[in-house]
Number of protein chains: 2
Amino acid sequence: MRISTRFSDSIHILAFIEVYKDIKLSSDVIANSVNTSAVVIRRLMGVLRAAGLIDTKQGSAEPKLAKDPSEITLLDIYFATEGNKPIFELDKNTNPDCIVGGNIQEVLGTYYEDAKIAAKRKLNETTLEDLIETILVKQKYKNSKN
Amino acid sequence: MRISTRFSDSIHILAFIEVYKDIKLSSDVIANSVNTSAVVIRRLMGVLRAAGLIDTKQGSAEPKLAKDPSEITLLDIYFATEGNKPIFELDKNTNPDCIVGGNIQEVLGTYYEDAKIAAKRKLNETTLEDLIETILVKQKYKNSKN
DNA sequence: ATCTACTGTAATTAATCAAGTTACATCAAA
DNA sequence: TTTGATGTAACTTGATTAATTACAGTAGAT
């Protein structure tokens, strides 16, 4: 498949909404920052709205975060966009009549689950606020070099 | 994309080789356990050989683990099959002239890296030996119920 | 009231990727 | 030398996702 950038782009949208919360934000303006089409942005925003992360109103270009950025973690955004998708895929079609084939996927599932939880714990340690602060510091550094 | 089961199938192959190390193992026999074609198995075995996890000899059906199963971790197998593939995809095409678009992917990259390492540390905790023992215990449990 | 600009969403297209398949050269061993 | 393997390249098929097209519904200014 084409690799999915939904998670990254969704984080981008939320950060953008927060950073530019004082100006009018049409899906077109956001799309210009993410470098995609306005429809793709609106589609992702629909997902974020369904997950309770933003509030939008049809017809008006005023998306708002539904929570304080310190209350939104990368994991919240991950769940919103990817749900419970595994990060390591099992092969559910192995031969059940073989000792290995009949047991391995179930066993692997528990190991994968442990690894997935470890990754998600890390995602849960970072808030949207942390991310935005880091972005702004990085930008200051860029400016100081010119 | 279709989700890739290379990692899971490669683990399967290695476990199968170890469990049935005393009998002749053609790619056809292994394919029957993984429930795929012999060519797919040989392709994966080529990758595992290149990574130094197995030894094979063209023409003879005698694949062997190149290391003791207690010396092969799930992470070794992950690296062999997936290399340094990210588990969370960045969008490398965001607008560089925007404060958010110009900095976010680089910042996200570090957070993703932390999460990826956390997951890999977990994968590195489990050896092929552990996996096989768990499979065999699970099989014993199944048998006892009949 | 009615433009204009915008959101929400469905349907289609195009690109990408992995497994499956076909084909065949090469090697091992009886 | 025949049979049964491996190794690998080339092509096909299926699945997935962003991009695109189209359009109905809403908000707000004039």
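Here is the naming used below: chain letters follow the sequence lines, and residue numbers restart at 1 for every chain. What you see is a predicted model; the values in this text were computed from it and never measured.
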Using a cut-off of 4.0 Å on non-hydrogen atoms, how would the nucleic acid contact of B:R6 be classed: base, sugar-phosphate, or nothing?
sugar-phosphate

Under 3.5 Å, which donor-acceptor pairs link side chains of residues 29-40 of chain A to any protein atom two or more places apart or in another chain?
{"from": "A:N32", "atom 1": "OD1", "to": "B:N95", "atom 2": "ND2", "distance (Å)": "3.1"}
{"from": "A:S33", "atom 1": "OG", "to": "A:H12", "atom 2": "NE2", "distance (Å)": "2.8"}
{"from": "A:N35", "atom 1": "ND2", "to": "B:N93", "atom 2": "O", "distance (Å)": "2.9"}
{"from": "A:N35", "atom 1": "ND2", "to": "B:N93", "atom 2": "OD1", "distance (Å)": "3.4"}
{"from": "A:S37", "atom 1": "OG", "to": "A:V40", "atom 2": "N", "distance (Å)": "3.3"}

Would you please confirm or rule out a distance under 4.0 Å between OP1 or OP2 of C:dG8 and any side-chain N or O of A:R49?
yes

Phosphate-side-chain proximity, B:S4 and C:dC17, N/O vs OP1/OP2 below 4.0 Å:
no

Single-linkage hydrophobic cluster, 4.5 Å side-chain cutoff, A:Y141 and A:V19 together:
no

Checking B:T110 side chain against B:V107 main chain: does a donor-acceptor pair fall under 3.5 Å?
yes

Hey, is the main chain of B:E89 close enough, under 3.5 Å, to the side chain of A:S8 for a donor-acceptor pair?
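Judged by distance alone, yes, a pair lies under 3.5 Å.
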
Starting from [atom2] on [N], measure out to [atom1] on [X] and report it in whole angstrom.
X	N	atom1	atom2	result
B:L44	C:dA18	CG	P	12 Å
A:K64	C:dC6	NZ	C1'	15 Å
B:I17	D:dT6	CD1	P	11 Å
B:L48	D:dT8	CG	C1'	16 Å
B:E82	C:dA19	CD	P	9 Å
B:K85	C:dC17	NZ	C1'	11 Å
A:I54	C:dT7	CD1	P	11 Å

Near-strand residues of residues 87-109 of chain A, defined as heavy-atom separation under 4.0 angstrom from DNA chain D
none

Is the base of D:dA9 touched by the side chain of B:R43 through a donor-acceptor pair closer than 3.5 angstrom?
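No pair found.
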
Could you work out, with side chain to side chain contact (heavy atoms under 4.5 Å, CB included) as the rule, every residue matching [X], not counting sequence neighbours?
X	answer
B:K142	A:N103, B:Q139
B:E106	A:K138
B:T73	B:L75, B:D76, B:N124, B:T127
A:S70	A:D68, A:E129

Applying ring-ring contact (aromatic ring centres under 6.0 Å, His included), which residue pairs with at least one partner in residues 14-64 of chain B are found, sequence neighbours left out?
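For residues 14-64 of chain B, and leaving out neighbouring residues, the ring-ring contact (aromatic ring centres under 6.0 Å, His included) pairs sorted by first residue read B:F16-B:Y20.
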
Which pairs, with at least one residue in residues 48-79 of chain A and sequence neighbours excluded, count as a ring-ring contact (aromatic ring centres under 6.0 Å, His included)?
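Passing the test, one end in residues 48-79 of chain A: A:F7-A:Y78, A:Y78-B:F88.
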
Considering only nitrogen or oxygen atoms on both sides, find all protein atoms under 3.5 Å from nucleotides 23-30 of chain D and state each distance.
{"from": "D:dG25", "atom 1": "N3", "to": "A:Q58", "atom 2": "NE2", "distance (Å)": "3.2"}

For A:K122, give me all partners under salt bridge (charged side-chain N to carboxylate O under 4.0 Å, His left out), at least two apart in sequence or on another chain.
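Scan of A:K122 (salt bridge (charged side-chain N to carboxylate O under 4.0 Å, His left out), adjacent residues dropped) gives A:E125.
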
Out of D:dA18, C:dA19, D:dT6, which has the shortest distance to the side chain of B:T5?
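Taking heavy atoms from C-beta onward, the closest nucleotide is C:dA19.
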
Counting only heavy atoms and a strict 4.0 angstrom limit, can you tell me which residues of residues 25-40 of chain B come near DNA chain C?
B:T36, B:S37, B:V39, B:V40

Can you give me every donor-acceptor pair (side chain of residues 53-65 of chain B, partner residue at least two apart or in another chain, under 3.5 Å) with its distance?
{"from": "B:T56", "atom 1": "OG1", "to": "B:R49", "atom 2": "NE", "distance (Å)": "2.8"}
{"from": "B:S60", "atom 1": "OG", "to": "B:E62", "atom 2": "OE2", "distance (Å)": "3.4"}
{"from": "B:K64", "atom 1": "NZ", "to": "B:K21", "atom 2": "O", "distance (Å)": "3.4"}

